[in-house]
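Only heavy atoms go into these numbers, but all of them, side chains included; no hydrogens, no water, no symmetry mates.
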Protein chains: 2
Amino acid sequence: MGITERKEREREEMRHLILNAAQKLFLENGYEKTSIRGIADVIEYSPATIYLYYKDKNELLLALHVVAFQKMMQEFSEVAVVENSFERLVSLGKQYIKFAIENPGLYDLMFIMQAPIEALACKDEVWEDGMKSFDFLRIIVTECKNKGHFRENLDVDTVCLTIWSYMHGLITIYLKNRMDMFEDDRQMDRMQESFQLFIEMLKVSFK
Amino acid sequence: MGITERKEREREEMRHLILNAAQKLFLENGYEKTSIRGIADVIEYSPATIYLYYKDKNELLLALHVVAFQKMMQEFSEVAVVENSFERLVSLGKQYIKFAIENPGLYDLMFIMQAPIEALACKDEVWEDGMKSFDFLRIIVTECKNKGHFRENLDVDTVCLTIWSYMHGLITIYLKNRMDMFEDDRQMDRMQESFQLFIEMLKVSFK
DNA sequence: AAATATACTAAACAGTGTTTATTAAAAACA
DNA sequence: TGTTTTTAATAAACACTGTTTAGTATATTT
C-alpha cells in the first residue's frame with residue numbers, strides 16, 4: 001500500500017512550495033511584506049492551508065532560517081581552500097561579512113529576529129544551526145592554536161565568542177543603518193579599516 | 001496675548017503625556033504590545049488624538065529613543081570619576097553592558113530597530129544621539145592615546161568603531177538569545193570572560 | 001455503494017497603524 | 001454681547017495582520 005508514502009511525499013512537496021514562496025517574498029520584499037496572506041496568494045492556496053503544513057508563522061520562519069544557514073554554510077566551505085589557518089580565519093570573516101551584506105534579510109532572521117528562536121523553544125529544541133556554524137569557527141580557531149598562530153593558554157570558546165561578537169556587531173551596526181552617523185560615504189571603507197585593525201589585534205595579542 | 005503660549009504649553013504637556021504612556025507600556029510589556037490603541041487607552045484619549053501630536057508611530061518611537069539616549073548618557077556620566085583613562089574606558093564598557101541588560105527594550109530601540117532611523121530620514125535629520133554617545137567614546141579613546149595607553153599611530157575613529165562593534169555584538173548575541181547555543185547556564189560568565197579577553201586585547205595590541 | 005477520513009477554504013475573530021468626516025468647545029471678530 | 005472662525009477630539013472606517021472555526025468537496029477505506 002504506497003498511498004501513505006505518496007501522501008507523505010505530497011505533504012513534503014507542499015511544505016516546499018510554501019517555503020519557496022516564503023523565501024521569494026522574504027528576499028524580494030523583506031520581512032515586513034512577507035505575510036501569510038501574501039504567501040497564500042503566490043502559491044494560489046487559501047491562507048488557512050498554510051496552517052495545515054506549518055504550526056504558525058514562527059515555525060515557517062524557522063524553516064526559512066534553516067535554509068538560510070544551509071546557504072551560509074555552503075559559502076563558508078569555500079574558505080577550506082586557504083592553506084594557512086590564520087588566513088583561513090580571516091577568509092571566514094570576509095565570507096561572513098559578504099553573506100550578511102548580500103543577504104541582509106536572512107542575516108536578520110538568523111541572528112537578530114526572535115521568531116525562529118521562539119519556534120525552537122516551543123519544540124523544546126536547541127539552536128543546532130547556530131551551534132554548527134559556531135563549530136566551524138571553533139575548528140579554525142583550534143587549528144590556529146595548534147599551528148602556533150595563537151598561544152596555548154587561550155580558551156577557544158572565549159576567543160570564538162569574542163571574534164563572533166565583533167563580527168556580528170560590525171555587521172548589525174552597518175545593516176541597521178547606525179553607520180549613517182558618519183556623515184561621509186565611507187561606510188564600507190570604515191568597515192574594512194576596522195576589520196583590518198581587528199585582524200591585527202588578533203595577530204598581536206594572541207601570539 | 002498669552003493664549004498662544006498657553007496653547008503651546010498644553011501641546012507640550014500632551015506630547016509628554018503620550019510619551020510617558022508609551023514609555024510605560026514599552027518598559028512593562030515590550031515593543032510588541034506597545035500599540036497606539038494601548039497608549040490611547042492608558043491616557044484615556046482616542047487613538048486618533050495621538051496623531052495630532054505625533055506624525056506616526058515612527059516619530060513617537062523616535063521621541064522615546066531620544067529619552068532612552070538621555071538615560072544612557074546620564075548613566076555614562078558616572079564613569080567620569082575614574083581617574084585612569086584606560087580604566088575609564090573599561091568602566092564605560094561595563095556601564096554599556098549594564099544599561100543594555102537592564103533596558104533591553106530601549107537598547108533595541110536605540111541600536112537595532114529601524115523605526116527611529118526611518119523617522120529621522122523622513123525629517124532629513126542626522127542621528128545626533130548616536131553621534132553624541134559615540135563622541136563620548138571618542139573622547140576617552142583620544143585620552144587613552146594622549147596618556148600613552150594607546151600608541152600614537154592609531155586612528156581614533158577606527159578604534160572606536162571596533163570597540164563599539166565588539167560591545168554591540170556581544171550584547172545583541174545575548175539579548176537576542178543567541179547564547180542559548182551554549183547549553184549550560186554560564187551565559188553571563190562567558191560574557192564576562194569575553195569582555196576581559198577583549199580588554200586584554202586592547203591593552204596588548206594598542207600599546 | 002455507503003461510510004469514513006482527508007484536503008481545502010470561506011468567513012470570522014481579534015488585533016494592528018492610519019485617515020476621514022463629524023462634533024463640541026474655545027478663540028477671534030464684529 | 002452675538003456671530004463667525006478656528007481648534008481639539010473622536011467615532012467610524014480602511015486596509016492590513018496572524019490565526020481559528022465550521023463547512024464542503026474529494027479521496028480513501030470499508
**Fill in**
Between CD of B:E5 and C1' of C:dA26 the distance, given in whole Å, is 17 Å
**Item:** Upstream residue (5' side of DNA chain D) when A:K55 and A:K33 are each assigned their closest nucleotide
**Value:** A:K33
**Item:** Length of the CG-C1' vector between A:L17 and C:dA7, whole Å
**Value:** 15 Å
**Asked** Does the pair A:R138/A:D135 count as a salt bridge with the N-to-O cut at 4.0 Å?
**Response** yes
**Item:** Phosphate contact (D:dA8 OP1 or OP2) by B:Y45 side-chain N/O below 4.0 Å
**Value:** no
**Asked** What's the CD-C1' distance between A:E44 and C:dT9, to the nearest Å?
**Response** 15 Å
**Request:** Give the rounded distance in Å between these two atoms: OH of B:Y51 and P of D:dT7.
**Result:** 23 Å
**Prompt:** Looking at B:S35, does any N or O in its side chain come under 4.0 Å of the phosphate oxygens OP1/OP2 on C:dT16?
**Reply:** yes
**Prompt:** Looking at C:dG17, does its base get a donor-acceptor pair with the side chain of B:R37 below 3.5 Å?
**Reply:** yes
**Asked** Any salt bridge between B:E200 and B:K203, counting N to O under 4.0 Å?
**Response** yes
**Request:** Determine: side-chain N/O of B:S46 to OP1/OP2 of D:dA9, distance under 4.0 Å, yes or no.
**Result:** no
**Complete:** Picking from D:dT19, D:dA8, C:dT18, the nucleotide nearest the side-chain atoms of A:K57 would be D:dT19
**Asked** To the nearest Å, how far apart are A:E13 CD and C:dA7 P?
**Response** 13 Å
**Prompt:** Heavy atoms under 4.0 Å, any strand shown: does A:Y54 hit a base, just sugar-phosphate, or nothing?
**Reply:** nothing
**Request:** Could you state the atom-to-atom distance from NZ of B:K7 to C1' of D:dT5 in whole Å?
**Result:** 12 Å
**Prompt:** How close or far is atom P of C:dT18 from atom CD1 of B:I18, stated in whole angstroms?
**Reply:** 13 Å
**Message:** For B:Y166 together with A:Y166, are the ring centres under 6.0 Å from each other?
**Reply:** no
**Request:** Check the angle between the aromatic planes of A:H149 and A:F86 and answer parallel, tilted or perpendicular using the 30° and 60° thresholds.
**Result:** tilted
**Request:** Calculate the interatomic distance between B:I36 atom CD1 and D:dA12 atom P; express it in whole Å.
**Result:** 20 Å
**Aromatic plane relationship, A:F136 with A:F76 - under 30° parallel, 30 to 60° tilted, over 60° perpendicular** = tilted
